Engineer: 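Below is a structure I'd like to ask you about.
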Amino acid sequence: MFLRVVFTTFLLGSTVIVQFKDRESLIAPPFLVLYGLIGTVYVLTFLYVVIFKRLGPTLSFTYAQIGLDTLLVTLLIYVTGGIASVFSFLYLVVIVYASILLYKKGSLIMAALCSIQYGVMIDLEYYGILEPFYTQASLSVQAYEGSFVIYKIVMTVLACFLVAFLSSYLAQQTVRSERELEAKQKDFRQLEAFNASIVHSMDSGLLTLDVAGAITSFNTAAERITGFARAEVLGKPLATIFPEVVQRYDTSAESHQKGPYRHDVTFRKSDGTVGYLGFSVSSLRERGGRAIGNLLIFQDLTAMKIMESHVKRVEKLAAVGEMAAGIAHEIKNPLASMTGSIQLLKAQVGMTSVTEKLMQIVLREADRLNGLANDFLLFARPSSGKVEPVDLGSAIEETLELFEQDAICRNRIKVRRRLAPNIWTKMDPKHIRQILWNLLLNAAEAVDGTGSVEVASEVVEDMAQISIKDDGCGMSEGTQKNIFDPFFTTRAQGTGLGLSIVHRLLESYGGRINVESREGLGTTFVLCLERIQSPGLLP
Ligand code: ADP
Ligand code: MG
């Protein structure tokens, strides 16, 4: 609508100016018609705007406007000389913008409208039915040959249709390529987003270096592993974050034309902690194959390295333990023969009191040695045991009875019980007794002079819980940290195996042990064991 107004104003305005040279008055009849046309276009445009505001961009409205345009052009041609008018090209302009707005169908319809109007108008003039509006006699249609008139009409019609075909073809082509471009752009954006999300969600650190060795990208995992923020490292050389990598390996683009390689080195995170880094470098290439930098993929192997060294230590310990257990086992046999022999000798008469005392020492120490070998074997090779339902109450009761008879407890320690009935667990009864015995022994050893030990059992959070509380010497925090380590002891005669055995046995049943102790006040050990339903209640 806007362009139509501009175009009309310029075209008809310039016509007025050009023609004005030949005429004296600006109100000669031909001018008046031109003014009328310009005015009509203005009025029409005003109406169009009003209608457009009401209806919005509808197809029939567009058809109506362009249809009216063809009529206006015909009118213009008529008033400017019919067959001699220079304005017949305006049909083509109308058809071109019809093709832009209405595509093929619309532009063909407009071409047909133009052809009909032009043909009818020229014919009517030719046969004298329509008076030429304004023209010199030499230019009137009757001055031409009939064949020329037909030729002119056919040419105009042909031009109209040709332009309709070509321009609608071009318009459609443009629309199609615009759509394709849009779809491609959308695909591209999606692909880009997808790539970015892959790079940033991957678990491995990923960074790229340009040919000069400066960091050009740094993904989220890389930030997490190194502790550096992306903005901090972009554009910096690799040595800023991984000096060890740069020192020990050639990371230039040319050095791994042969393909990727893998290494591991220690590295320092941004907060100064030292970690272990596994990385591989491959060269980054363009589509054409030209190297444009390097790609570094890396993982934080710190946790894995710690685990690895732990496993190694455990393996080494296991091997040493296995050997020691073998030796301990071998010690027991000669020890048994020695003890037996000494006992036989002791039975013989004629011993001085000194000999007897010495033999007593040998027997006592042999006993101790045997105990140590037994403990050690229990620790190093706990028998897998016969797992069966155990009533904790009776297991505790049996052990306590033995304990009360033992010299270490008798007349010295008062034992109190708080046992809930009917708590069952599943383990080898020998093992639970061993555990309780070791803990009771420790409690008794912690008590200097007289004291008391309280043993309680209850169900806590569906676990069987046993606590053994003494009012002995207690222990410092430093001691508490080490008590479960094998051979850790604070007692002159201790082996440091008691709690290690407890820990080891409990571990094999998925149980837990906790200690609470205050120096000088006493200690409580709390055991947690898996609880099962009483076997008597099972169907
Ligand atoms: P041992 O009894 O041969 O010393 P254990 O493994 O049984 O070895 O105990 C390790 C250490 O834990 C003991 O030397 C002792 O210092 C401490 N300990 C264990 N139980 C108690 C307790 N009830 N009260 C105070 N200290 C304890
Ligand atoms: Mg002990």
Side-chain angles (χ1 to χ4, degrees), residues 314 317 320-321 324-325 328 331-332 364-382 395-396 399-400 402-410 412-418 430-457 465-509 511-529:
V314 168
L317 266 183
V320 172
I331 286 174
K332 283 177 56 132
R364 197 185 68 215
E365 292 304 303
D367 220 32
R368 222 162 73 83
L369 198 56
N370 193 39
L372 175 65
N374 275 338
D375 273 358
F376 185 74
L377 279 175
L378 201 58
F379 167 70
R381 288 179 187 162
I396 294 172
T399 321
L400 280 180
L402 269 179
F403 178 65
E404 282 170 320
Q405 313 258 308
D406 199 280
I408 197 165
C409 169
R410 224 171 18 201
R412 197 167 74 87
I413 289 161
K414 199 170 149 23
V415 178
R416 271 181 303 189
R417 308 155 159 78
R418 261 192 317 116
K430 273 207 311 286
H431 287 164
I432 181 71
R433 279 192 221 114
Q434 181 78 48
I435 290 169
L436 292 168
W437 183 256
N438 287 5
L439 293 173
L440 288 170
L441 221 58
N442 280 351
E445 278 163 352
V447 172
D448 196 20
T450 56
S452 69
V453 172
E454 184 183 295
V455 181
S457 68
Q465 185 172 304
I466 305 169
S467 57
I468 296 172
K469 181 176 171 188
D470 64 61
D471 56 1
C473 60
M475 34 183 159
S476 68
E477 295 219 346
T479 310
Q480 281 180 47
K481 269 190 209 135
N482 299 313
I483 52 174
F484 295 107
D485 289 349
F487 305 112
F488 174 84
T489 179
T490 57
R491 289 191 266 272
Q493 298 285 307
T495 60
L497 284 172
L499 288 178
S500 315
I501 291 169
V502 169
H503 195 248
R504 185 94 193 244
L505 288 176
L506 274 177
E507 216 169 41
S508 68
Y509 291 103
R512 285 196 313 267
I513 182 163
N514 282 316
V515 61
E516 231 174 77
S517 183
R518 296 273 296 280
E519 240 175 328
L521 289 177
T523 306
T524 308
F525 280 96
V526 180
L527 304 178
C528 271
L529 291 164

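Order of appearance sets the numbers: ligands from 1, and atoms from 1 within every ligand. These figures come from a predicted structure and were not determined experimentally.
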Engineer: Among all protein heavy atoms, pick the one closest to atom 13 (C) of ligand 1 and tell me residue, atom and distance.
Structural biologist: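 Checking every protein heavy atom, the shortest distance to atom 13 (C) of ligand 1 gives R491 NH2, 3.7 Å.
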
Engineer: Measuring from I413:CD1 to D406:CG, what's the distance to the nearest 0.5 Å?
Structural biologist: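 Answer rounded to 0.5 Å: 10.0 Å.
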
Engineer: Just how far is it from atom OG1 of T399 to atom CD1 of I435, taken to the nearest 0.5 Å?
Structural biologist: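 Answer for the OG1-CD1 pair, T399 versus I435, is 10.5 Å.
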
Engineer: Kindly indicate, with the supporting measurements, whether the criterion side-chain contact (heavy atoms from CB on, under 4.5 Å) is fulfilled by I483 and M475.
Structural biologist: CA-CA 10 Å; I483 52 174; M475 34 183 159; 3.7 Å; yes

Engineer: Calculate, to the nearest 0.5 Å, the distance between atoms CG and CG belonging to D367 and L372 respectively.
Structural biologist: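 Rounded to the nearest 0.5 Å, the CG-CG separation comes to 12.0 Å.
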
Engineer: Could you tell me which atoms of ligand 1, counted from 1 in the order shown, lie closer than 4.0 angstrom to a heavy atom of A446?
Structural biologist: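 Once the distances to A446 are compared, the set is 22 (C), 24 (N), 25 (C).
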
Engineer: So, are R368 and E365 salt-bridged, with charged N and O less than 4.0 Å apart?
Structural biologist: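 Yes, charged N to carboxylate O under 4.0 Å.
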
Engineer: Roughly how far apart are L440 CG and I408 CD1, rounded to 0.5 Å?
Structural biologist: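 If we round to the nearest 0.5 Å, L440:CG and I408:CD1 are 10.0 Å apart.
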
Engineer: Is atom CZ of R518 surrounded by more than 12 heavy atoms (other residues, nucleotides or ligands) closer than 6.0 Å?
Structural biologist: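 Atom CZ in R518 is not packed in, count stays at 12 or less.
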
Engineer: For atom 15 (C) of ligand 1, what is the closest protein heavy atom, and at what distance to 0.1 Å?
Structural biologist: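 Sorting protein heavy atoms by distance from atom 15 (C) of ligand 1 puts T490 OG1, 3.4 Å first.
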
Engineer: Would you kindly specify which portion of T523 sits under 4.0 Å from ligand 1, judged on non-hydrogen atoms: side chain, backbone, both or neither?
Structural biologist: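 Side chain only.
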
Engineer: With 2.8 Å as the limit, jot down which protein N, O or S atoms are around the Mg ion (ligand 2).
Structural biologist: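 Listed by chain and number: N442 OD1.
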
Engineer: Under a heavy-atom criterion of less than 4.0 Å, does G474 contact ligand 1?
Structural biologist: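 G474: in contact with ligand 1 (<4.0 Å).
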
Engineer: Which heavy atom of the protein is the closest neighbour of atom 5 (P) of ligand 1, given with residue, atom name and distance?
Structural biologist: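 Result: L499 N, 3.6 Å.
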
Engineer: Pick out which of L436, V455, V415 makes a side-chain contact (heavy atoms from CB on, under 4.5 Å) with F403.
Structural biologist: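 Exactly one option meets the side-chain contact (heavy atoms from CB on, under 4.5 Å) with F403, and it is V415.
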
Engineer: For atom 17 (C) of ligand 1, what is the closest protein heavy atom, and at what distance to 0.1 Å?
Structural biologist: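 Checked against all protein heavy atoms, atom 17 (C) of ligand 1 sits closest to I483 CG2, 3.8 Å.
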
Engineer: Are T495 and F379 close enough, and set up right, to give a side-chain contact (heavy atoms from CB on, under 4.5 Å), and what steps lead you there?
Structural biologist: CA-CA 11 Å; T495 60; F379 167 70; over 6 Å; no

Engineer: In terms of residue, atom name and distance, what is the protein heavy atom nearest to atom 4 (O) of ligand 1?
Structural biologist: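 The closest heavy atom on the protein side is T489 OG1, 2.6 Å.
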
Engineer: Hey, which atoms in ligand 1 end up nearer than 4.0 Å to a heavy atom of G494?
Structural biologist: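 Those qualifying, in numeric order: 3 (O).
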
Engineer: What distance separates L378 CG from S500 OG, expressed to the nearest 0.5 Å?
Structural biologist: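 OG of S500 is found 11.0 Å from CG of L378.
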
Engineer: List ligand 1 atoms under 4.0 Å from T495, heavy atoms only on the residue side.
Structural biologist: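 Reading through ligand 1 atom by atom, the close ones are 3 (O).
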
Engineer: For the residue pair F525 and F484, does the interplanar ring angle fall in the parallel (under 30°), tilted (30 to 60°) or perpendicular (over 60°) class?
Structural biologist: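 Perpendicular: the ring planes of F525 and F484 meet at over 60°.
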
Engineer: Just need the protein heavy atom nearest to atom 8 (O) of ligand 1, so name the residue and atom and give the distance.
Structural biologist: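 Here the nearest protein heavy atom works out to G496 CA, 3.3 Å.
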
Engineer: Which protein heavy atom lies closest to atom 10 (C) of ligand 1, and at what distance to 0.1 Å?
Structural biologist: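 Answer for atom 10 (C) of ligand 1: F488 O, 3.4 Å.
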
Engineer: Can L506 and L529 be said to form a side-chain contact (heavy atoms from CB on, under 4.5 Å), step by step?
Structural biologist: CA-CA 8 Å; L506 274 177; L529 291 164; 3.5 Å; yes

Engineer: So for atom CZ, which belongs to R416, do other residues, nucleotides or ligands contribute more than 12 heavy atoms lying within a distance under 6.0 Å?
Structural biologist: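 Incorrect, the count does not exceed 12.
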
Engineer: Tell me which part of F525 gets within contact of ligand 1: side chain, backbone, both or neither, using heavy atoms under 4.0 Å.
Structural biologist: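 Near ligand 1, F525 shows its side chain, while the N, CA, C and O stay back.
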
Engineer: Going by the closest heavy atom to atom 19 (C) of ligand 1, which one wins out of L372, N442, V447?
Structural biologist: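 Heavy atom nearest to atom 19 (C) of ligand 1 belongs to N442.
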
Engineer: Can you report which non-hydrogen protein atom sits closest to atom 27 (C) of ligand 1, along with the distance?
Structural biologist: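 Result for atom 27 (C) of ligand 1: M475 CE, 3.7 Å.
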
Engineer: Which is it for L439 and ligand 1 at heavy atoms under 4.0 Å: side chain, backbone, both or neither?
Structural biologist: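 Neither part.
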
Engineer: If you round to the nearest 0.5 Å, how far is CG of L369 from CD1 of I331?
Structural biologist: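 Result: 6.0 Å between the selected atoms.
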
